[in-house]
Amino acid sequence: MSLIAVVFLFFAHVSAEPMRFDGHKVLQILPHSVEELEHVLQLHDVLDLDMWRYPSKNNFSMEMYVEPEKIDHVLTAIKAIGADVRIWIDDLQKLIDEEKQPAKRSFHLPFASQGKNAGFDHLAYHRFSTIKQYLADVVTATQAMSTVTSSLSTIGYSSESNEIQVLKVSRSDGQSRPSIFIDGGIHAREWISPATVLYFINQLVYGDEFDYAPQLLDKFDWYFAPVLNPDGYEYSHTTYRLWRKNRVPNGRNCFGTDLNRNFGYQWNPSVGGSTNVCSDVYSGATAFSEKESTALETFLLNNNQNMVAYLTYHSYGQMWLYPWGYTSALPSDWQDLDAAAKIGTSALSELYGTQYTVGSSTNVLYSAAGGSDDWAKGGAGVKYSYTIELRDTGAHGFVLPQNQIEPNCRESWRGLAAFALSLNTRKG
Ligand code: 0X9
Ligand code: ZN
C-alpha cells in the first residue's frame with residue numbers, strides 16, 4: 001500500500017468518528033430585565049451560539065450551548081451584562097455517553113417490546129437504514145393480518161437522495177375514514193421524536209396494552225412520517241450529535257436549512273428565523289425552498305380532504321403547542337385546539353405524572369414563523385395542528401437517555417390516544 005493510501009485511510013477513519021463534546025457546556029442564563037435579555041440575545045447572535053431553550057415572554061431564563069473555546073469569553077460577557085449564569089450541563093460528552101447506555105427492561109413492557117417485531121428494539125435509537133427496514137417489515141407483517149393494512153410511499157427525496165417515507169395504517173375494509181398525520185425528525189438531533197413515532201406505529205399495528213388500537217383504527221386512517229429529515233438525522237448519528245437542520249450545501253462552507261422555518265405560511269426569516277446561511281435557524285432562500293418541506297407540502301395538499309389532525313413531534317420541553325408560531329394572535333377556533341390538547345396532556349400525565357404545558361407556540365415558547373404546524377393549519381386547512389415537544393425539561397435536553405424512551409413513548413401514546421378519541425369527526 002502506498003503512503004498516500006495509508007494517509008488517506010487514516011484520515012477516512014478519523015473523520016468517520018463522531019465529534020466529541022468533552023468539556024462542552026450548556027449554560028443557564030437568567031437576565032433580570034428586558035435590557036439584560038436583549039444584551040444576552042445580541043451576544044448569542046454575534047457569537048453564533050446555539051440556543052437550546054429560548055427565553056419566553058413569561059420566563060426570561062434560557063439554556064445556551066457553548067463550546068470550550070468560547071466559554072471564558074461568554075461567561076465574562078454575561079457577567080458584565082449583569083445577568084445570572086450557571087453551568088447547567090458541565091460535560092456534554094458525559095451525557096452523550098450515558099445516552100448510549102442500553103435501556104433497562106421493566107417487567108411491564110408494552111406489547112411493542114415483547115418481541116412481536118423480533119428484529120427491532122423500540123427501546124433504542126436507530127440509524128435511518130434500520131428504520132427503513134422496520135417500516136418495510138411492518139408492511140410485510142400486515143399482509144398476513146385480516147383487520148389492519150399498511151402501505152409505504154416515498155413522498156420525496158432529501159438533498160442527499162434519501163427517501164422521505166410515509167406509512168399509511170388503516171382498517172382493511174376498504175372504507176376511507178377521517179385521517180390523522182403524524183411526523184417526526186424534522187429536527188435532526190431530536191432523536192426521541194422518530195423513536196416515538198415508530199412506537200406509535202407499532203402500538204397501532206400490533207395492539208397496545210390499553211387496547212386503544214382497535215378504537216383508533218375504527219375512527220381514523222393514520223399517516224406516519226417518522227423521519228422527515230433523513231440527511232440531518234444521519235449526520236447527527238455519524239458526525240455531529242447536535243445537528244438540527246437538513247444538509248443542503250449553502251456555500252461559505254455552511255450547510256443546512258431549518259426545515260421548521262421553511263414552511264410557506266406567513267414565512268418570514270425575521271420572525272424567529274435567520275437569513276444567515278450558517279445559522280441554526282436559517283429559514284432557507286424562500287418559503288418551501290427545501291425538498292423535505294416541499295415533499296410534506298405536496299403530500300398534505302393531496303391528502304387533506306378529510307384530515308382532522310396534524311401532529312409534529314419534537315423535543316424538548318414537554319409542551320403541547322398549537323398555532324400560531326408567527327404571531328401572538330390566536331386562531332379563531334383556538335379553544336377547540338386548547339381543549340383537545342388538554343385532554344391529551346392530562347391522559348399523558350396519568351402514567352408517570354409527567355407535566356406538559358399547553359398553549360399557542362408564540363405565547364408559551366417564542367415566536368418563530370415558517371413552522372410546519374402553522375402551515376398545516378393555515379396552508380393545508382387541517383384544524384387540529386400541533387407541535388409536541390417531548391421529554392425532558394432540560395436535564396438532558398436533546399440527549400435523552402435510552403432509558404427514558406419507554407416511559408416517554410408509553411405516556412405519549414396514551415396522550416395521543418385520548419386526544420384522538422376525543423375529537424369530533426362529524427362533518428359540518
Ligand atoms: O423552534 C422550533 O422549531 C420548535 N422548537 S424546537 O426546540 N423543537 O426546535 C417549536 C416550533 C413551534 N411552532 C412554530 N413556531 N410554528
Ligand atoms: Zn424541533
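Order of listing sets the numbers, starting from 1, for every ligand and every atom in it. FYI, side chains are in, hydrogens and waters are out, and symmetry mates aren't considered; it's all heavy atoms of this structure. Bear in mind that the values here come from a model prediction, so they are computed numbers and not experimental data.
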Under 4.0 Å from one or more heavy atoms of Leu365, ligand 1 contributes atoms 10 (C)

Counting from 1 in the order shown, the ligand 1 atoms closer than 4.0 Å to a non-hydrogen atom of Ser315 are 7 (O), 8 (N)

A student checking ligand 1 against Arg244 at a 4.0 Å heavy-atom cut-off should list atoms 1 (O), 2 (C), 3 (O), 6 (S), 9 (O)

Under 4.0 Å from one or more heavy atoms of Tyr366, ligand 1 contributes atoms 1 (O), 2 (C), 4 (C), 5 (N)

Taking only non-hydrogen atoms of His314 and a 4.0 Å limit, the atoms of ligand 1 in range are 8 (N)

If the contact criterion is a heavy-atom separation under 4.0 Å, does Pro323 count as touching ligand 1? no

Next item on the list: Please state whether the rings of Tyr386 and Phe419 are parallel, tilted or perpendicular, taking 30° and 60° as the class boundaries.
Entry: perpendicular

Near Ser361 (heavy-atom distance under 4.0 Å), the atoms of ligand 1 are 12 (C), 13 (N), 14 (C), 15 (N)

Numbered in order shown, the ligand 1 atoms found under 4.0 Å of a heavy atom of Glu190 are 6 (S), 8 (N), 9 (O)

message: Taking the ring centre of each residue, are Trp52 and Phe398 less than 6.0 Å apart?
response: yes

Should Tyr54 be listed as contacting ligand 1, given a heavy-atom distance under 4.0 Å as the test? no

Counting backbone and side-chain atoms alike, is an N, O or S atom of Glu389 positioned under 2.8 Å from the Zn ion (ligand 2)? no

For His314, the N, O or S atom at the shortest distance from the Zn ion (ligand 2) is ND1

request  = Could you tell me if the ring centre of Trp375 sits under 6.0 Å from that of Phe288?
outcome  = yes

*Any donor and acceptor pair, going by atom type alone, linking the side chain of Asp22 with main-chain N or O of Gln93 inside 3.5 Å?*
no

*How about Tyr384 and Phe181: are their ring centroids closer than 6.0 Å?*
no

One finds that the ligand 1 atoms under 4.0 Å from a non-hydrogen atom of Gly371 are 16 (N)

